[in-house]
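Letters A, B, ... are given to chains in the order of the sequence lines, protein chains preceding strands, and every chain is numbered from 1.
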Amino acid sequence: GESVGLHLPTLSVQEGDNSIINCAYSNSASDYFIWYKQESGKGPQFIIDIRSNMDKRQGQRVTVLLNKTVKHLSLQIAATQPGDSAVYFCAENMEGYGQNFVFGPGTRLSVLP
Amino acid sequence: DTEVTQTPKHLVMGMTNKKSLKCEQHMGHRAMYWYKQKAKKPPELMFVYSYEKLSINESVPSRFSPECPNSSLLNLHLHALQPEDSALYLCASSPQGGLAGRWTQYFGPGTRLLVL
C-alpha cells in the first residue's frame, strides 16, 4: 500500500508483483518528463523518459504513462524485484528552458520478500 | 568511461572554513550541473554550465561559488556556510546544454556535506 505524510511517500509491494508509482507534475507547459531511480548512497539514475506528444512509452520492465489532461505521470514496474527498492523521482522540463528539470517530491519503493 | 565522479564523498566543515567540492566526467559532455539535495527531498538545481560558461544560477547565495576550469571538471567552492547548508551535493553532466533540446543528465554519487 501507499502512505503519504510528513515523510517521503512509501509504496510497499511484494516481490514479483507489479508496481505503479504516481507523479502529479506542476506545469501544464512542461513537455518532457524523466523518471529517475535513486538508491541509498547514490545519485539519481535515468530510467525512462517521455515527451508530451506521446502518452505511453515502454522500456525493459518499465512503462511510463502520461496524462496531460490531469497533469499526471506514472511509472509501472513489472515483476518488481528487490533491486528495485529505491526512491523514484519524476522530473519535468519545458521547451526553451534548457536543462532546468524540476523534480517531484519522490516516492520510496519498498519491495517485500 | 561512463561515470561522473565526485570528491570527497563526505565533508565536515566549520562555518568559517573554505572548502571545495570536485566533479569530473570523461564522457565528452559539454554541460555540467550542481544540485543540492536535503534528506528525503528531491534534488534542487543550483548551477548549470554549458560549454564551460555559467548559463543558470538558481538564485544561490554567494557563499557557494562554482567554477568550470575545463569541459571535464566542475568545482563548487564553499565559504562561510551555515548549518542549514548541510546536504548531499550532486554533480551531473549531459551531452549538451543550452536552451534547445533536452539531454539526459548523468549524476555522480554526491558529496555529503555537514556544516557545524
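Proximity to chain B is absent for every atom of A/Glu39, based on heavy atoms less than 4.5 angstrom apart. For a residue to count as touching a neighbouring chain, one of its non-hydrogen atoms must lie under 4.5 Å from one of that chain's; by this rule B/Gln105 touches chain A with backbone and side chain alike. Only the side chain of B/Gln37 has a heavy atom closer than 4.5 Å to any heavy atom of chain A. With a 4.5 angstrom heavy-atom cutoff, A/Pro44 touches chain B via backbone and side-chain atoms both.
B/Glu58 has its side chain within reach of A/Asn100: a pair of non-hydrogen atoms, C-beta onward, lies under 4.5 Å apart. Put simply, the side chain of B/Leu90 does not reach to within 4.5 Å of the side chain of A/Lys42, judged on heavy atoms. Side chains of B/Pro43 and A/Phe101 form no contact here, defined as non-hydrogen atoms less than 4.5 Å apart.
A distance of 6.0 Å or more separates the ring centres of A/Phe46 and B/Phe107.
The 12-atom threshold is exceeded at CD of B/Gln82, counting heavy atoms of other residues, nucleotides or ligands nearer than 6.0 Å. Surrounding NZ of B/Lys18 are at most 12 heavy atoms belonging to other residues, nucleotides or ligands under 6.0 Å away.
Both A/Val64 and A/Tyr88 belong to a common hydrophobic cluster when Ile, Leu, Val, Met, Phe, Trp and Tyr are linked at side-chain heavy-atom distances under 4.5 angstrom. Residues B/Leu88 and B/Leu45 fall within the same hydrophobic cluster, defined by Ile, Leu, Val, Met, Phe, Trp and Tyr side chains chained together at heavy-atom separations under 4.5 Å. Cluster annotation: B/Leu78 is connected to B/Met15 through the hydrophobic network of ILVMFWY side chains, with a link wherever side-chain heavy atoms come within less than 4.5 Å. Under the 4.5 Å side-chain heavy-atom criterion for Ile, Leu, Val, Met, Phe, Trp and Tyr, A/Leu65 and A/Trp35 are members of distinct hydrophobic clusters. In the hydrophobic cluster analysis, where Ile, Leu, Val, Met, Phe, Trp and Tyr join through side-chain heavy atoms closer than 4.5 angstrom, A/Ile50 is grouped apart from A/Val102.
When all heavy atoms are compared, the tightest approach of B/Lys40 to A/Leu8 is O-CD1, 3.7 Å.
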